[in-house]
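Labels below follow one simple rule: chain letters A, B, ... track the order of the sequence lines, proteins then strands, and each chain is numbered from 1.
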Amino acid sequence: MQSSGISVLLKGKNLQRLFEGLMITARIAFISIIIGSLLGIVLGVIWTSKSKWIRSICRIYLELFRIIPILVWLFIMYFGVTTALNIDLSGETVSVIVFTLWGAAEMGDIVRGALESLPKHQIESGKAIGLSFWGLYRYILIPQAVRRMLPGAINLATRMVKTTSLVVLIGVIDVIKVGQQIIEYSRIEVPTASFWVYGFVFILYFVICYPLSKISRKLENKWNG
Amino acid sequence: SSKESASEVKGSIAEIKERGKIRIGVFSDKNPFGYVDENGVNQGFDVYIARRFAKDLLGDESKVEFVLVDAASRVAFLESNKVDIIMANFTVTEERKQKVDFANPYMKVSLGIVSPESAPITSIEQLKGKKAIVAKGTTAETFLTENYPEIEQLKFEQYTEIFEALKDGRGDAIVNDNTEVIAWAKQNPGFVVGVPTLGGQDTIAPAVKKGNKELLDWINNELAALGKENFIHKAYDETLADIYGEDFKESLVIEGGKLE
Amino acid sequence: METKEVLLEIKGLYKKYDETTVLNDINLSINKGEVVVILGPSGCGKSTLLRCLNGLEKIQGGDIRYRNKSLVGKDVNWQEIRQHIGMVFQNYDLFPHMTVIENIILGPVKVQKRDKDEVMEQAKQLLDRVGLFDRKDSYPRQLSGGQKQRIAIVRALCMNPEIMLFDEVTASLDPEMVREVLDVMLGLAKQGMTMVIVTHEMSFARAVADKIVFIDKGRICEISEPDEFFTNPKTERAQHFLNIFQY
Amino acid sequence: METKEVLLEIKGLYKKYDETTVLNDINLSINKGEVVVILGPSGCGKSTLLRCLNGLEKIQGGDIRYRNKSLVGKDVNWQEIRQHIGMVFQNYDLFPHMTVIENIILGPVKVQKRDKDEVMEQAKQLLDRVGLFDRKDSYPRQLSGGQKQRIAIVRALCMNPEIMLFDEVTASLDPEMVREVLDVMLGLAKQGMTMVIVTHEMSFARAVADKIVFIDKGRICEISEPDEFFTNPKTERAQHFLNIFQY
Amino acid sequence: MNLNWQFIIDSLPLYREAALTTLKLGFWGILFSLIIGFVCSIVLYFKVKGLKPIVQAYIELSRNTPLLIQLFFLYFGLTKLGVTLSENACAIIGLSFLGGSYMAEALRSGLEAVSRSQIESGLSIGLSRTQLVRYVVLPQAFSVSMPSLGANCIFLLKETSIVGAIAVVDLMNVTKDLIGMYYQTFEALFMLVAVYLIMILPLSILLTWLERKVRYAEFGN
Ligand SMILES: Nc1ncnc2c1ncn2[C@@H]1O[C@H](COP(=O)(O)OP(=O)(O)OP(=O)(O)O)[C@@H](O)[C@H]1O
Ligand SMILES: Nc1ncnc2c1ncn2[C@@H]1O[C@H](COP(=O)(O)OP(=O)(O)OP(=O)(O)O)[C@@H](O)[C@H]1O
Ligand SMILES: [Mg+2]
Ligand SMILES: [Mg+2]
């Protein structure tokens, strides 16, 4: 009578839809992680400035994203800013923008920490072979900072992947929402659907995030070894 | 220059026609009112009516873009011009009227209370000091908050979750649309609908952005026209009858946009 | 054939950190091919002096002239100057994320824009000379301290500098490693490299120096021939300093 | 009046890491009041030997006897033994989160359960002796390297050990700091403390040692009086080793 | 923008309640996270046989899966197995399950930063294993971990916003609710941000102060 829960996953296009939801999740997360990291590196470099002003501005930027929940940012950006500026951006684009800005803030802090933890004499010996300011960052400081910031960056990346579930509020259907749609649709025929669907989504997240932490551990060992 | 003025008023009929698509905000996880089926297609009572709107306005029922909304973002979607109409099981309330313009209603809701047979709740008064389980963004939530603030509410996002919660004994009863609780009680022995109707006069209606009188009038005319062909009844037969049966048709449907 | 060609000249140099004067009226000239060893108690300003010569510290007074061109003021192109004045530090400062050979060719290729193949050739020759040719693809962490310092020297040499500055390059090494690094420096001295060396290795100083400069509390107390300095220092302070090494 | 009372005796000690033998058939006895200096090239096993004496490394053969009690086997109470055998390391290993005085009294109070006031009294006396009484409430980061090492020595002394082991305690210090630390050790020697010292300071070794032990490649090559060792080493290896320090 | 101040004043009691809930959950979640993290990091650091793989698996699972689903399993799933926990209990367990792994990683890197020579000099003055951990290793590890522990605390406090999914009336839940019922969207969001600010800013300042306080680990040289 009641079909077994697991069959829900295979019914119709359900499986395909879940993967599409996952793709959206992954796309938002990865684009934001990549652009956010690049911006974060720039921000981190600027942040190491000695100027109190620049440091405070960077700090405030970070705290804005630390204190104001991402959900609020999504809301403000999607419903407030785009309307005020009279531009038409899709929910996904807005999500990418918000996540990128958030990623850049946190990444900037990580990069700053990594740069400041580099021994001062690395800078001096770079200077001593005549490297310019940019050369110093390009060849000496950033490559070393990247190694140091890896654990923090991966931590951030997995957090970003997991936080994408908020985008549903601005109409973007991520993998969890697809799961809920399936559960609700089948709630009468298959009351146990939630267990299987959530179980499957749980695994999907793990499949995305686990390789990230695995790679980071590998690289860490390689670079420290 | 007529083109310019057309697109200036966002959500005006001219602009919708120029766009060739009407954007309607619906739920994607409230079976049977607005949900997505196993093939990823929007379905449900609200959706069925929305398709007809598209057909009558733009000549083709595929010329609708369903925007999947969340209870908390329904008004924001309208206010920021991201949808033209909200048809997401939107209960008409005084507070909401200040934010959006409601068209005439197409559905009545009555609330019902379902509880375990072992500890049946037979009147709303009995719930005082107890825990009522409700779904967020539904009429029941608004009703209880307004009228019975002393009843503690346990609020979940999804219908599945409220039923799970009642089964797990996390609350004393579910307050929800009576159609919903009656249908569920039928399939789940051990639970009874102690209060089959409650509240009563709440209605569900399409909403447009405040001030969009043109579209509002169009919807009202459309609902009146549909009333002539008993279209809402047809919508009931197509989308709700399977779950709720024939019994509720008259207590649910509003035809022609007018309460009898 | 060359008579005294002055490469680097320091005139009335004056340096302070905040309120404390660290170098006070330093006058010194370094001739081409000369090896100058700077001695003095800890904190007397030796490192600071070298750092001033390489533009790592701003000075508050006096003048430094390289080939009779002043190195003081805003418009000095230190990037250019540093290609002629190489420096090696105490803490083997190789770049840990690059192999030995990458460390060495970075400056010549990226700063001096020289041809990579030609630089590689030179780097290999230099590595060979310090006995580390086979370690060219190692990473710094795979090397001993002495090896790292020899590479650091090669890295500076590969820029073809006219002067080399060494700041206690053996201070954190074991005796044998100290020896291998100092041997490289002795070799350079023999080839006529102009060098300014800060060291605490007294017998090495004596062996390598053409001129000993003794600094105490930011001032030059004494400039002498090595033999004279070690056997018969002119000032009491120098005498006192040398006593530290006697048990 | 005391004649040779043997405190520590090492018999046929044998130690390897994985497959490589690091110490091979070491035989040595250390008498009460004796200062033994261990010399040898880098990597020969000097540190390992000291670490074995303090139970920081397991040994694979032979015996170590302290006051004729074996220190080999499972049932040795190293916590107890280490109270009698103090050790000071190369990298000023004070605990950075404790003040100087807290560093010093930690062992006596927590391990030896001695009365805190009495320990404080002793600690202050010891601090005074090394000239650091006024730094007793400083944190390690506020001290120079030489000061830190002197505190580390005080920390070990405050446990009232019978033997002190020193592993290159001056290796990362500036000459003057080397001097201040070595002076403390010379003082201890004069008071008759039994010490085993690993050092690269040759003239200090010569001045302080009662006995020089020269190790090469994990074996003892030579045990001599200091004067004899430095002027006329018996083995060629020792000769070769001493040459490193000659320019 | 014109805010409806009357609405804000009316909803103040709701926000006060919710803030207390969030703080309560945050407090217990952080506390248990620290305990779990502490135990796990010790297991990892000392490579305790048998337990290490379990701890590693736990860390990977907890870090790489969303809290939302973890909560559903705790709340709806466990009941099927006969264990019914209250909303708050589930929320606290969920937060601790998530936070434990983050804290463990932070503490582990702190432990690993304590140098071998520190341990040996502890041993050489005769400290026992437990004394060594108590007096030498932990204080230093803690000092190194402090910045990331602090960041985790703030992260966990904010993660409480997810527990609305299992009907806990926290700040985010109240906000979404008010929006859904009255559509005073910006007022509700404004309150949310204001309350978070009031909670997180002092916490952030406290953590910065603590961080500075325990920064003796700028190892001497
Ligand atoms: N960045 C700085 N800020 C303030 N004072 C400094 C700074 N760098 C060095 N000093 C001070 O300047 C003086 C000279 O330092 P310098 O490093 O040149 O001494 P040194 O002769 O090289 O000593 P050592 O033999 O220990 O290397 C010292 O008293 C030192 O404390
Ligand atoms: N933990 C270890 N694992 C493997 N090999 C080791 C280890 N520690 C030391 N060794 C090896 O044991 C040998 C002796 O080391 P030890 O540190 O005792 O030398 P040393 O005489 O103290 O040298 P130095 O003068 O450089 O301090 C060296 O070859 C070293 O590589
Ligand atoms: Mg110096
Ligand atoms: Mg050693």
**Q.** E:Tyr196 side chain reached by A:Ile68 side chain, heavy atoms, under 4.5 Å
**A.** no
Q) Relative to chain A, which segment of E:Ser204 carries a heavy atom at a distance below 4.5 Å: side chain, backbone, both, or neither? A) side chain
Q: Give, as side chain, backbone, both or neither, the part of A:Ile176 having an atom under 4.5 angstrom from any heavy atom of chain E.
A: side chain
Q) Is the closest side-chain heavy-atom distance between E:Lys176 and A:Leu169 below 4.5 Å? A) yes
Q. Between E:Ser101 and chain A, which part of the residue has a heavy atom less than 4.5 Å away: side chain, backbone, both or neither?
A. neither
Q: Would you check if A:Lys162 and E:Leu67 make a side-chain contact, meaning some heavy-atom pair closer than 4.5 Å?
A: no
Q: Pick one of side chain, backbone, both or neither for E:Ser109, based on which atoms fall under 4.5 Å of a heavy atom in chain A.
A: neither
Q. Can you tell if the side chain of E:Thr185 reaches within under 4.5 Å of the side chain of A:Phe79, non-hydrogen atoms only?
A. no
Q) Near E:Phe190 CZ, under 6.0 Å, is it more than 12 heavy atoms from other residues, nucleotides or ligands? A) no
Q) Does E:Phe38 CZ have over 12 foreign heavy atoms under 6.0 Å away? A) no
Q. For A:Leu71, is it the side chain, the backbone, both or neither that has a heavy atom under 4.5 Å from a heavy atom of chain E?
A. side chain
Q.
To the nearest 0.5 Å, what is the distance between CD on E:Glu105 and CG on A:Asn155?
A. 8.5 Å
Q. When you measure from the side chain of E:Lys158 to the backbone N and O of A:Arg66, does any donor-acceptor pair fall under 3.5 Å?
A. yes
Q) So which part of E:Met199 gets closer than 4.5 Å to some heavy atom of chain A, the side chain, the backbone, both or neither? A) neither
Q: State, yes or no, whether a side-chain contact exists between E:Glu159 and A:Arg159 at a heavy-atom distance under 4.5 Å.
A: no
**Q.** Separation between CG of A:Leu64 and CG of E:Leu197, rounded to the nearest 0.5 Å
**A.** 9.5 Å
Q: Apply ring pair (Phe, Tyr, Trp, His ring centres under 6.0 Å) to the pair E:Phe76 and A:Tyr198, showing each step before the final yes or no.
A: CA-CA 11 Å; E:Phe76 295 114; A:Tyr198 281 136; 8.5 Å; no
Q) Would a 4.5 Å heavy-atom cut-off, applied to side chains only, mark A:Phe206 and E:Leu61 as touching? A) yes
**Q.** Segment of E:Phe72 engaging chain A (4.5 angstrom heavy-atom cut-off)
**A.** side chain
Q) Are the side chains of A:Ser213 and E:Asn64 in touch, meaning some heavy atoms are under 4.5 Å apart? A) yes
Q: Mind ranking E:Val193, E:Ile162, E:Leu68 by heavy-atom pairs under 4.5 Å with chain A and telling me who comes out on top?
A: E:Val193
Q: Identify which part of E:Thr65 has an atom lying under 4.5 Å from any heavy atom of chain A, answering side chain, backbone, both or neither.
A: both
(Q) I need the E:Ile154 CD1 to A:Ile67 CD1 distance, nearest 0.5 Å. (A) 7.5 Å
Q) So what's closer than 4.5 Å to chain A heavy atoms on E:Leu98: side chain, backbone, both or neither? A) side chain
Q: Can you sort out the partners of A:Phe99 under ring pair (Phe, Tyr, Trp, His ring centres under 6.0 Å), two or more places apart, ordered by chain and number?
A: A:Trp102
(Q) Quick check on A:Lys214: does its NZ atom have over 12 non-hydrogen neighbours (other residues, nucleotides or ligands) under 6.0 Å away? (A) no
